[in-house]
Amino acid sequence: MSPGEAAGQRPQKEGIARRSVLRGLGAGALATGAGGALAACSPGVRGTATAESTSTITLGYVTPYTGSLSGFASGDKFVLSTIRATPAYQNGFTVGGKKFAVKILDVDSQSDPNHASQVARQLILNSNVDLLLTSSTPETVNPVAVAAQTQGVPCLATNDPWESWYAGLGGNPTQPTRTFQYCALFFFGLKQFQGCFVPMWNRMPSSSKNVACQYPNDADGNAFRAGFIPLVNAAGYNAVDGGAYTDGTTDFTSMITKFKNADCQYLSNCPLPPDFNVFWRQASQQGWRPKLATVAKVLLFPADTVALGPLVSNIATDSWWGPYMPNKSSLDGTSASALVSAFQAQTGRAWVQGIGSTYALFEIAKEVFSSVSDPHDPQEVASALHRVNYTGMCGPLNFAGGPAPGVAIIPPVGVQWKASTGKYPFAMRVVDNSLNKAVKIEADLEPTNA
């Protein structure tokens, strides 16, 4: 089987060429999260194995340490330090009766799809990684996954809606039957966004059921436009699409006017964080104040609240991880709340959601390599990755039981940013647990704008 071929499926290059299928769905730009990665990912030759490489398992981690998406990676250095200190990573993995040291190489995608593709290929071809790990939005995750699938190297991703990831690889999210042999992901998707946001809308009735949709012309925006708008309408609401604007837009007046004229009382979006800050300030200045704002991809982290100050009060979003999750590490039993406490003590900063999912990447890596006989056999490692079914820092994850092959789902909860009397001016509080009853409600759901 060629490196770019999924088990029992067409070669990967054919899947990518079949973008017309996605365009027919109105989701053609879903694959653009890979940027220029597709053209750059022709198969290369991996470096020659050395004595060290045969006795060492090498993990490559690609994350946006810098750039517009750096908030997603703001806890990653802490997580890597914590992971390296666990007994499993200090002592190495036992595979096939032999002990292997574990090396972690982390690199910065710079929040740029082309750079993400480049560094992923360098890890594959120059560092001979046995498993690629990647996190945080299609702009980083998709090009890394494409490089891995094309080169025939196992890759595990997180913090990217599964539909964006799947389409970026060349799959059809509306008919997700195709298996990508080397790639897997754990996060959630549009159905979970619906299950998180719609119950909050239902609890906040208004005279209008029109939902303002601020979706850009990028991988996430087009995924939401193609897949989430039908879910909004199916739930009894009326989606009002503000138009596929360009990332980096600085004037949202026409969009805001459209939302005002339609009396939109709810907001759904998935912009880049700087773009939302501009949009939300202009919305306030121009007198559009929806009763409940439910945002995605933005205001996921405390640092995001600084720029907007009081304007963030009672904005709702999704939360896939936090100290309120009853989860524990599969590596050493550390609880989610203890991990948050350690982060805040060591860094002096408020906790971020990405801590949990980045941590889980390395838990799953341990699960995978503990179940194979040869850690340097990419097909065996990839097959083991697709069979993982375990419970850890992100709760139970089953890669054989998700909505698409190789996808495991984290059920998110609904949270709102509330003013805090503690060290940090705003804090996330759980206000809806419709999808995850194991998490306790912490605060009342209140209007974003009364």
Side-chain angles (χ1 to χ4, degrees), residues 23 26-36 64 66-72 109-116 136-143 160-161 164 167-168 190 193 197 210-229 232 239-290 293-301 303-309 311-312 315-317 448-449:
R23 293 192 182 97
L30 283 168
T32 61
T66 61
S68 62
L69 300 169
S70 60
F72 283 87
S109 73
Q110 299 177 3
S111 302
D112 178 80
N114 293 322
H115 191 71
S136 304
T137 81
E139 287 79 8
T140 289
V141 168
N142 289 12
D160 183 3
S164 297
L190 300 178
F193 278 112
F197 292 162
N210 291 343
V211 180
C213 298
Q214 183 204 9
Y215 302 151
N217 185 20
D218 62 16
D220 274 337
N222 287 292
F224 269 73
R225 182 170 291 103
F228 193 63
I229 283 180
V232 169
V240 178
D241 190 351
Y245 66 92
T246 302
D247 288 336
T249 292
T250 58
D251 185 354
F252 291 93
T253 299
S254 62
M255 183 185 296
I256 292 167
T257 300
K258 183 175 184 178
F259 295 157
K260 286 177 64 178
N261 290 341
D263 189 27
C264 294
Q265 291 298 318
Y266 307 92
L267 171 66
S268 167
N269 70 1
C270 56
L272 294 176
D275 294 353
F276 176 69
N277 292 345
V278 173
F279 169 83
W280 196 239
R281 284 197 197 94
Q282 291 179 1
S284 177
Q285 292 164 0
Q286 296 174 31
W288 180 62
R289 299 179 177 87
T294 49
V295 302
K297 198 173 179 177
V298 297
L299 294 182
L300 296 171
F301 316 110
D304 294 347
T305 68
V306 174
L308 291 174
L311 288 177
V312 306
I315 291 180
T317 187
T448 305
N449 295 287

For this session: Please tell me if the side chains of Arg225 and Asp241 come closer than 4.5 Å, counting only heavy atoms from C-beta onward.
Result: yes
Exercise. What residues form a side chain to side chain contact (heavy atoms under 4.5 Å, CB included) with Thr137, not counting sequence neighbours?
Worked result: Leu69, Phe72, Glu139, Lys297
Exercise. What is the minimum heavy-atom distance between Val141 and Ser136, and which atoms define it?
Worked result: CG2-N, 3.6 Å
Exercise. Among all residues two or more places apart in sequence or in another chain, which pass the ring-ring contact (aromatic ring centres under 6.0 Å, His included) test with Tyr215?
Worked result: Phe224
Exercise. Got a sec, which residues hit side-chain hydrogen bond (donor to acceptor under 3.5 Å, both in side chains) with Thr294, two or more places apart in sequence or on another chain?
Worked result: Trp201
Exercise. What pair of heavy atoms forms the shortest contact from Ile229 to Ala239, and how long is it?
Worked result: CG2-CB, 3.7 Å
Problem set entry | Interatomic distance, Phe197 atom CZ to Ser268 atom OG [nearest 0.5 angstrom] | 6.5 Å
Exercise. Which pair of heavy atoms, one from Thr66 and one from Ser111, lies closest together, and at what distance?
Worked result: O-OG, 2.7 Å
Problem set entry | Validation row: Trp280, Leu308 side chains within 4.5 angstrom (heavy atoms) | yes
Problem set entry | Plane angle bin for Phe279 and Phe276 - parallel if under 30°, tilted between 30 and 60°, otherwise perpendicular | tilted
Exercise. Judged by atom type as modelled, is there a donor-acceptor pair below 3.5 Å linking the side chain of Asn269 to the main-chain atoms of Pro271?
Worked result: no
For this session: Could you check if a side-chain atom of Phe193 sits within less than 4.5 angstrom of a side-chain atom of Val232, using non-hydrogen atoms only?
Result: no
Problem set entry | Check: Lys258 side chain, Val240 main-chain N or O, donor-acceptor pair, under 3.5 Å | no
Exercise. Which pairs, with at least one residue in residues 271-289 and sequence neighbours excluded, count as a salt bridge (Lys or Arg N to Asp or Glu O under 4.0 Å)?
Worked result: none
Seminar exercise, completed: The side-chain hydrogen bond (donor to acceptor under 3.5 Å, both in side chains) partners of Asn449 (sequence neighbours excluded) come to none
Problem set entry | Separation of Thr317 OG1 from Phe301 CZ (nearest 0.5 Å) | 9.0 Å
For this session: Could you tell me which residues satisfy salt bridge (Lys or Arg N to Asp or Glu O under 4.0 Å) with Asp247, sequence neighbours excluded, listed by chain and number?
Result: none
Exercise. Does the side chain of Thr246 reach to within under 4.5 Å of the side chain of Asn217, using non-hydrogen atoms?
Worked result: no
Exercise. Parallel, tilted or perpendicular for Phe259 and Trp288, by the 30°/60° rule?
Worked result: tilted
Exercise. In chain order, what residues pass the side-chain hydrogen bond (donor to acceptor under 3.5 Å, both in side chains) check against Ser284, with sequence neighbours excluded?
Worked result: none
Seminar exercise, completed: Nearest heavy-atom contact between Ala116 and Ser109 is CB-CB, 3.8 Å
For this session: Identify the two heavy atoms, one from Val298 and one from Pro273, that lie closest to each other, and give their separation to 0.1 Å.
Result: CG1-CA, 3.6 Å
Seminar exercise, completed: Sequence neighbours excluded, the answer for side chain to side chain contact (heavy atoms under 4.5 Å, CB included) partners of Gln282 is Asp251, Phe252, Ile256, Val278, Gln285, Gln286
For this session: Kindly compute the distance separating CD1 (Ile315) from CG (Leu267), expressed to the nearest 0.5 Å.
Result: 8.0 Å
Problem set entry | Thr305: side chain to side chain contact (heavy atoms under 4.5 Å, CB included) partners, not counting sequence neighbours | Leu299, Val312, Trp417, Phe426
Problem set entry | Heavy-atom pair of closest approach, residues Pro138 and Asp160 | CG-OD1, 3.2 Å
